[in-house]
Structures are given as C-alpha cells and as structure tokens.
Undergrad: 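What follows is a structure written as structure tokens; I'll ask about it next.
Here is the naming used below: chain letters follow the sequence lines, and residue numbers restart at 1 for every chain.
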Protein chains: 2
Amino acid sequence: MDVDTRLLRYFRAVAEEGNLTRAAARLYVSQPALTKQIRQLEERLGARLFVRSKSGMALTGPGQALAAAVPGVLGSWVEAERAVRAAEAERTRVLRIGFLASAANEKTQDVIAAFRASRPGWRVEMRQASWGAPIEGMVSGEVEAAFMRLPFPSREDFALLPLLTEPRCVAMAANHPLAQSASLRFEDLLDEPFVAAPGATGAFRDHWIAAEARGGRPVRIGAVTEHPDDWLSAIANGDGIALAPASAARYYARPDIAYREVEGIAPSTVVLAWPNTARPTPALADFIAAAREAAD
Amino acid sequence: MDVDTRLLRYFRAVAEEGNLTRAAARLYVSQPALTKQIRQLEERLGARLFVRSKSGMALTGPGQALAAAVPGVLGSWVEAERAVRAAEAERTRVLRIGFLASAANEKTQDVIAAFRASRPGWRVEMRQASWGAPIEGMVSGEVEAAFMRLPFPSREDFALLPLLTEPRCVAMAANHPLAQSASLRFEDLLDEPFVAAPGATGAFRDHWIAAEARGGRPVRIGAVTEHPDDWLSAIANGDGIALAPASAARYYARPDIAYREVEGIAPSTVVLAWPNTARPTPALADFIAAAREAAD
DNA sequence: CCACATCCATAACCGGAGGTTATCGACGCA
DNA sequence: TGCGTCGATAACCTCCGGTTATGGATGTGG
C-alpha cells in the first residue's frame with residue numbers, strides 16, 4: 001500500500017493532539033479535510049486507528065502501533081532528502097548555511113572568509129532561518145549547518161560548536177523613559193512588556209525573557225514578531241522592550257531604538273550547529289574547521 | 001517536502017532498469033506518466049537525478065544518494081504497515097495465514113487444528129498466495145506467515161520451519177503416451193514441453209523444471225499459468241506436462257490428468273515461513289509452536 | 001433549564017495532479 | 001536510407017484533496 005508522507009504527518013498530528021479540530025489548525029488545513037484523510041487511512045489499512053468521542057480522538061491498538069512506527073518512516077525520508085541535497089550541493093560547489101538573524105556578527109564573516117580561502121571555487125549561500133521554525137531547514141537539508149544561539153532546542157540530533165559569548169543588552173524605543181540611563185539593572189525591566197518571537201517555546205523563550213532572573217514573576221508580551229524588521233518596528237513603536245545580544249547594537253542600529261547595558265542577566269552564546277545524523281560532507285567539514293579556528 | 005511511496009517506487013524502478021520505457025512497463029503505467037513523475041521529483045528536490053541519453057537514464061550523484069536512501073524509507077513504511085495489521089489481527093483474534101496452492105496438504109490441517117486447540121476463540125484465515133508474487137502478502141503484513149515450498153526466494157528476511165519432505169511426481173494429460181507407464185525416469189521427460197508459473201524466476205523456476213537433472217538441456221515452455229485451475233486445464237489440454245509434489249495426486253485429482261512417479265529428481269519440502277524483521281506476535285508464536293509439533 | 005460551545009461527520013463544490021493515448025524529434029544501426 | 005528505440009510533449013479525462021456551509025450529539029454555564 002502506498003502512502004504520502006503528508007498523510008503520515010496528518011496522522012501524527014491527530015495522534016499527538018488527540019483532537020481533530022486542533023490538529024487541523026496546526027496543519028493549516030480544514031477540519032473536514034482531515035476527517036476525510038484519517039478515514040481514508042483507516043480504510044486503506046483495514047483497521048480503525050482512533051476511537052471517536054465527543055472529547056476527541058483516542059488511539060486504538062493498531063493506532064498505537066502506527067504511531068510508534070511513523071517517526072521512523074518520516075525520519076528516514078527526511079534523511080534521504082538531506083542526503084540528496086548534500087550531494088547536489090557538492091556537485092554545484094555550494095555550501096548552504098543558515099543563520100538566525102540575531103546570530104549575525106563579525107565572527108560569521110571570519111568563518112566564511114576562512115572557508116573561502118580553503119576552498120576556492122566554492123560559494124557560500126546564506127539563508128536566514130525563520131524564528132518560528134529555526135531548525136527546520138537543517139533537518140530537511142535545505143542548509144547544511146546554521147549559526148544559532150543557545151539555548152538550542154532538541155540538542156540530541158545536532159552537533160554544536162560554540163563560537164563566541166557576549167553580554168546581552170536591552171533594546172527599547174529611543175524615547176523610552178529608561179533610555180535616559182546609560183546602564184540598567186534587570187530588576188528595572190520586570191514590569192515592562194516584551195517583544196517576543198512567535199515559535200519561541202520552552203527554554204528558548206525563557207532565555208530571552210531572562211526567566212532565571214525574574215524569580216517567577218510573569219512576563220507581559222507586548223508584541224509577537226516573525227522577522228527582524230517587524231521586531232525593530234515593534235520596539236521603536238513602543239510595543240515593548242526586548243533583550244538582545246550586544247552585537248545587535250552594531251548590526252541593527254537605528255535612530256529610533258536605544259540599546260542599553262543590563263546588569264544581572266546571563267550572556268548569550270553563538271554556536272555553529274549541524275545535524276550529526278550522518279557524516280558531514282567534506283565541504284561542511286572544512287567549514288566546521290574554519291569555525292573552530294575562528295572560535296574564541 | 002512530502003512524497004508518496006508510489007513516487008519512490010517509481011524512482012527505484014527507473015534507477016534499477018536504467019530505462020524509462022522498461023520501468024514503466026514493470027510498474028504498469030504509461031511511459032509519459034513516468035516521465036512526468038520523475039521530472040516532478042527532480043524539481044521538488046531541486047536536483048537532477050538522472051542524465052538522459054539515447055541509451056536510457058543514468059543516475060547522477062544526487063540520484064545515487066537518493067537510490068541509497070530509498071530502500072530504507074520504503075522498508076520502514078512496509079514495517080509500519082505490518083505492525084498495524086498485526087495489531088489489528090490481535091484485536092480481532094484472527095491469524096491470517098497464506099499458502100502456496102501446491103503447499104496445501106494434510107500437514108496444513110494438522111497445524112491449524114493444533115493452533116485452534118491452543119487458542120479457542122481465535123480464527124485462522126487462509127488466503128492463497130499468488131504464484132507470481134508469493135511473498136508479497138507477507139512483507140506487507142496481509143498475512144503473518146505462509147506455507148511455502150523450497151526453494152524460497154530472498155531467504156534472509158524470513159524464518160523458515162521445514163514441515164515435511166515428499167517425492168515429486170509428474171502430472172500429464174490422461175491420454176498422454178507416457179501415461180501408459182506406471183513409473184518414469186526423468187530422462188524420458190526431457191523433450192516434453194512444461195507448464196510453468198508466471199513469476200517463476202531463478203532458483204524456484206529451476207527447481208520446478210528440475211534444472212539440476214537436465215544437464216544443461218534447455219526446457220520448452222508449453223504454457224504459463226497463474227492459478228491452479230488454469231494449471232490443471234493446461235495440463236489436461238496437453239499444453240505440456242509439469243512436475244508436482246506427490247500430494248497433488250490427492251489434492252488435485254482429475255479424471256483427465258494422470259500423476260506418475262518419476263525417478264531421478266530431488267524431493268520437495270514444505271516449510272512454514274514468516275518475516276523475522278520483528279518479534280512474532282503471541283498468536284503467531286503459538287502457530288509456529290503448533291507447526292513445530294506437527295513437523296516430521 | 002435552556003442557550004451555547006465544542007467536537008466530529010456530512011454534503012456540495014472546485015481545482016489540480018496523475019493517468020491515458022497519440023505523436024514527435026533524436027539518434028544508433030542494419 | 002529506413003527502421004527501431006529512446007525520452008519529451010500535447011491534449012484530454014477522471015478522481016482526489018482541498019474548501020465552505022451545515023448538521024447531530026454531548027457537555028456546560030448563566
């Protein structure tokens with residue numbers, strides 16, 4: 001029997017959510033479409049996968065068997081995709097590197113320059129990773145490695161090489177009252193609304209609201225933004241303030257935004273990350289070596 | 001990126017055949033359909049997978065990478081399918097057992113009876129395996145095990161339990177001249193046309209034309225049949241003769257067909273086969289135990 | 001107790017993807 | 001030079017996966 005990986009993703013979403021409506025929303029399809037697809041999957045497999053009730057969808061025995069096997073199928077396909085893209089990059093002498101907007105800094109340029117020197121004729125293509133799904137491009141092989149910032153989600157499948165550590169500062173509208181002071185303590189910011197990234201979940205979100213320094217005090221979200229430009233605009237508009245690495249003051253300098261030192265929060269670390277599911281391609285190995293040299 | 005396993009099978013066929021037209025024939029689709037699908041796969045992956053030439057399709061580097069990864073993807077999906085069907089069979093208390101038509105005999109009944117005794121409330125569903133693709137049903141989990149005859153293709157992924165060994169005889173039209181003799185030597189049959197199974201390839205085909213006893217003399221195929229009834233009809237019609245296990249004389253007795261002993265050919269062995277990719281389900285384990293008891 | 005919210009199923013409709021047949025252009029070969 | 005074989009292209013049809021709108025069943029709060 002044939003299946004589409006899309007169908008397996010649908011199944012996985014429903015199994016995880018335990019709810020057709022929510023799963024449909026998560027997959028960006030309509031609920032009837034999901035209903036139809038799940039029914040079809042059940043028919044073709046000749047087994048009921050879920051028991052329907054008013055309070056959602058619960059896995060049956062066969063459903064659990066499928067749920068246990070699906071990650072392996074999807075994983076092996078993603079790996080296949082990665083292998084193809086790696087081979088294509090090798091053929092065209094291109095190394096695709098992703099980067100989180102905030103991870104752009106001088107070190108990045110040093111690494112690329114060193115790689116270029118070691119591999120003349122090769123091109124490095126940089127593509128910005130979305131804040132919402134920062135590691136997606138890496139698992140599917142769209143990029144072979146990426147400059148990211150700690151904390152890094154799902155550390156297990158990736159190798160990490162720390163490049164530099166820098167203090168974090170606070171970004172706020174230039175006309176914000178707190179911008180008067182040249183330096184601030186984090187306690188001064190506790191009541192301010194923050195501008196946050198969208199998919200920022202778990203440890204990553206906690207890090208950028210400095211949860212460890214809040215002592216359990218909740219944070220107020222003034223705006224959620226997807227791209228650096230939106231982020232800067234939101235801050236300039238006064239929707240909220242945000243923590244940022246010190247280098248942002250150089251790379252995202254604007255007249256309507258003030259960056260100020262902050263005492264009492266941990267610094268931020270930039271890393272180079274790459275999937276360690278397979279051996280790195282020779283070109284990537286050179287890039288990693290260049291990064292290792294450039295690291296502090 | 002999403003794919004259909006069908007598309008991966010298409011790719012695999014083209015990679016193996018090295019030729020679109022032949023691959024299309026093997027897949028039972030038209031050649032333009034395959035052209036379109038392969039093109040689409042290349043576009044979506046952003047890499048050329050084949051170099052086209054007058055003499056066919058040759059894999060590129062990315063194509064080789066994909067070809068290496070595809071068996072893993074398809075294999076894990078087949079395994080998932082098998083797990084689901086096994087769970088469903090467990091739930092409905094059904095054990096599905098396949099059998100090659102020629103493997104039906106008294107021993108089969110003994111095994112089933114012993115299993116029934118050990119698992120009251122369970123049902124055994126027998127379904128006949130096609131001669132063309134005898135092990136298909138087992139890999140996809142449509143049946144959990146099957147009664148087969150040696151030689152068994154692709155032995156590696158299956159566990160085999162021999163059940164009985166019996167001499168082989170020859171089946172021919174009742175009015176065939178050779179039917180006059182009560183017993184024959186295989187050399188007498190060398191010039192006769194044979195009735196063969198369709199997908200009979202390699203060792204299996206060799207076994208049923210007794211290639212080892214022919215001393216290199218080629219065989220003439222008088223007819224190719226898919227089902228036992230066709231097979232019997234072809235023999236009765238005089239299209240050819242065929243080797244058969246001795247038990248066929250009991251299970252496929254017809255007035256217009258004569259079975260005669262043959263000297264000088266090896267006997268045939270019936271085995272119970274099951275996939276050993278995963279641990280057998282408890283019910284299958286009981287069935288295997290029943291078979292082990294019933295074995296000679 | 002009734003109005004409402006939630007959850008899944010159903011119906012009717014639409015566009016596109018995948019299949020088909022027919023045909024072409026390029027090349028190797030007898 | 002004519003034929004056979006290869007893959008590409010065009011025109012067409014069917015069905016599948018998506019959409020919106022709506023219904024039925026079942027908790028739930030004012």
Undergrad: Is the cationic atom of Arg52(B) (NZ for Lys, CZ for Arg) positioned less than 6.0 Å from the six-membered ring centroid of Phe50(B) and within 45 degrees of its normal?
TA: no
Undergrad: Please encode protein proximity along nucleotides 25-30 of chain C as a string of B, S and -, counting only heavy-atom distances under 4.0 Å.
TA: B-S---
Undergrad: Evaluate Thr35(A) against Gln31(A) for side chain to side chain donor-acceptor pair (under 3.5 Å), listing each step before the verdict.
TA: CA-CA 6 Å; Thr35(A) 299; Gln31(A) 170 257 316; 3.0 Å; yes
Undergrad: Does dC7(C) have OP1 or OP2 under 4.0 Å away from a side-chain N or O of Arg52(A)?
TA: no
Undergrad: Please examine the side chains of Met138(A) and Glu144(A), heavy atoms only from C-beta on, and report whether any two atoms are closer than 4.5 Å.
TA: no
Undergrad: Among Val70(A), Val3(A), Leu34(A), whose side chain to side chain contact (heavy atoms under 4.5 Å, CB included) with Phe11(A) holds?
TA: Val70(A)
Undergrad: Within this structure, what is the CD-to-P distance between Glu42(B) and dA8(D), rounded to whole angstrom?
TA: 9 Å
Undergrad: Determine the minimum heavy-atom distance between Thr225(B) and Ala234(B), stating which atoms define it.
TA: CG2-CB, 4.0 Å
Undergrad: Rounded to whole Å, please give me the gap between CD in Glu43(B) and C1' in dA8(D).
TA: 14 Å
Undergrad: Could you walk me through whether Arg123(A) and Glu125(A) satisfy the salt bridge (Lys or Arg N to Asp or Glu O under 4.0 Å) test, starting with their C-alpha distance in whole Å, then the side-chain angles of each, then the deciding distance to 0.1 Å, before giving a yes or no?
TA: CA-CA 6 Å; Arg123(A) 222 151 30 91; Glu125(A) 259 186 42; 3.5 Å; yes
Undergrad: Taking protein heavy atoms under 4.0 Å as touching, what does nucleotides 13-20 of chain D look like 5' to 3' if B marks base contact, S marks sugar-phosphate-only contact and - marks none?
TA: ----BBBB
Undergrad: Thinking salt bridges, do Glu42(A) and Arg39(A) make one under a 4.0 Å N-O criterion?
TA: no
Undergrad: Does Met57(B) reach the side chain of Asn19(B), with side-chain heavy atoms less than 4.5 Å apart?
TA: no
Undergrad: Can you confirm whether Glu81(A) sits close enough to Arg85(A) that some side-chain heavy atom of one is under 4.5 Å from a side-chain heavy atom of the other?
TA: yes
Undergrad: Should the heavy atoms of other residues, nucleotides or ligands under 6.0 Å from CZ of Arg93(A) be counted, would the total exceed 12?
TA: no
Undergrad: Does the structure place the NZ or CZ of Arg6(A) under 6.0 Å from the centre of the six-membered ring of Tyr10(A), at an angle of no more than 45° from the ring's axis?
TA: yes
Undergrad: Could you state the CZ-C1' distance from Phe50(A) to dA9(C), rounded to the nearest angstrom?
TA: 16 Å
Undergrad: In whole angstroms, how far is the P atom of dC8(C) from the CG atom of Leu20(A)?
TA: 5 Å
Undergrad: Looking at Asn19(B), I'd like to know whether one of its side-chain N or O atoms comes within less than 4.0 Å of OP1 or OP2 on dG7(D).
TA: yes
Undergrad: Return the value, rounded to whole Å, for the distance between atom CZ of Arg39(A) and atom P of dA9(C).
TA: 6 Å
Undergrad: Roughly, in whole Å, what's the span from CG in Leu49(B) to P in dG7(D)?
TA: 15 Å
Undergrad: Just how far, in rounded Å, is C1' of dC6(D) from CD of Glu17(B)?
TA: 14 Å
Undergrad: Starting at CD1 of Ile38(B) and ending at C1' of dG19(C), how long is that distance when rounded to a whole Å?
TA: 15 Å
Undergrad: If we fit an axis to the first five pairs and another to the last five of the helix from dC1(C)-dG30(D) to dA30(C)-dT1(D), what angle do they make, to the nearest 10°?
TA: 10°
